[in-house]
Amino acid sequence: MLFTFELDTPKQGLVDITKEVEAAVRESGVYEGICVIFCPHTTASITITENVDPELKADFIMGMDSTFPGLKNYRHTGGNADAHIKSSISGTGETLIVTKGKPLLGQWQGIYFCEFDGKRKRQFFVKVLGE
Amino acid sequence: MLFTFELDTPKQGLVDITKEVEAAVRESGVYEGICVIFCPHTTASITITENVDPELKADFIMGMDSTFPGLKNYRHTGGNADAHIKSSISGTGETLIVTKGKPLLGQWQGIYFCEFDGKRKRQFFVKVLGE
Amino acid sequence: MLFTFELDTPKQGLVDITKEVEAAVRESGVYEGICVIFCPHTTASITITENVDPELKADFIMGMDSTFPGLKNYRHTGGNADAHIKSSISGTGETLIVTKGKPLLGQWQGIYFCEFDGKRKRQFFVKVLGE
């Protein structure tokens, strides 16, 4: 089964999508298998990080800005080459293990939609595959 | 089904492999499922990025060179530790959702083989799994 | 089938888990399919890199430290925001193709558990899915 979700994103930032992914797995009826989360945008991504400290989400964006700054000699006409690179490197998808009807995550892990060039209307997909 | 593709790469750069992945999915006959793309090399990778502006491919390489420079104190004898790190971090594989007989991609997304230490003869694999 | 592995990690560093993943695939009895490796921790990751030169593992950590330094203005109370970002960006999972009863790897590729904030007792999961 293929699930589509829509969301509104901030200028830059991480949006917690763990509950949406858990709902898709539940609705699929798959008890043991995998799920693939996919972001169809080139200036956004999917990542997994700590789900407790809200400051960490700001640190993530600060770290990405520091690591992939907007270089003066980038030639992409959109002016957002850095956002494209952040998207590629942090990755447009994640594959999770499904067990006992839920995506297998560590106690402190959450699934996040990362916006690098918003704010925008965005979407992401979840595919669940049974064993 | 497992598909093997061969390609010739530049010294550094992104090679569009979207058509090859689409052909593998088509030939597999899988209509709904997933596909896994895998690069068996340690100084190359697979990524997904914008498929329109050719300048962006050069920006990607420039951004990677700037982010992961060849540090003086790297000790790897090959002299290409930076290329190995670029490969690991941008990732040796991608997992895509397959729907209606095609890999599910956003309008502006393409699949790219990234060469960080060419030019060389390279290969990559595509595995398609039905629901 | 779902396999759980435990390991003791160094302060920072790469631990080769290729043999464990190969054993899981073998024990699963799956001959053609995929396997998903997943790390349930937010300051560790899974990556694929060269399996020959031990110096390269130290270079990898040095490169990650240089690329994602501990910025002064990070606000995460744990003081390890950089380790969380390294984990997210290098990725908490890998999906491999399984063929002829083994994970498909290039001649020089190994699978590594990356510790960015140890030393600790850690675990990782392997799920194998047949065609």
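We name chains A, B, ... by the order of the sequence lines, and we start the count at 1 in each one.
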Are T92(B) and E94(C) side-chain neighbours, meaning at least one heavy-atom pair lies under 4.5 Å? yes
L104(C)/L2(B) under side-chain contact (heavy atoms from CB on, under 4.5 Å): CA gap, chis, key distance, verdict: CA-CA 11 Å; L104(C) 177 55; L2(B) 178 60; 4.3 Å; yes
Value rounded to 0.5 Å, distance of OG1 in T77(B) from CG in L56(C): 9.0 Å
Examine whether an atom of T95(C) lies under 4.5 Å from a heavy atom of chain B, and if so say whether it belongs to the side chain, the backbone or both; otherwise answer neither. both
Salt bridge (charged side-chain N to carboxylate O under 4.0 Å, His left out) pairs touching residues 70-84 of chain B, sequence neighbours excluded, are R75(B)-E55(C), D82(B)-K86(B)
Is the closest side-chain heavy-atom distance between T49(C) and S87(B) below 4.5 Å? no
Would you call I34(C) and I34(B) a side-chain contact if the rule is heavy atoms closer than 4.5 Å? yes
Just wondering, do E32(C) and M1(B) contact through their side chains at under 4.5 Å, heavy atoms? no
Is the closest side-chain heavy-atom distance between I89(B) and F60(C) below 4.5 Å? yes
The side-chain hydrogen bond (donor to acceptor under 3.5 Å, both in side chains) partners of R120(C) (sequence neighbours excluded) come to D117(C)
Does any part of the side chain of I48(C), heavy atoms only, come nearer than 4.5 Å to the side chain of F38(B), both counted from C-beta? yes
Side-chain contact, heavy-atom cut-off 4.5 Å: H41(B) with Q109(C)? no
What pair of heavy atoms forms the shortest contact from E131(C) to L129(B), and how long is it? CA-CD1, 4.2 Å
What pair of heavy atoms forms the shortest contact from D59(C) to A81(B), and how long is it? OD2-CB, 3.6 Å
Look at T47(C), I97(C), V98(C) and state which one has the largest set of heavy-atom pairs under 4.5 Å with chain B. I97(C)
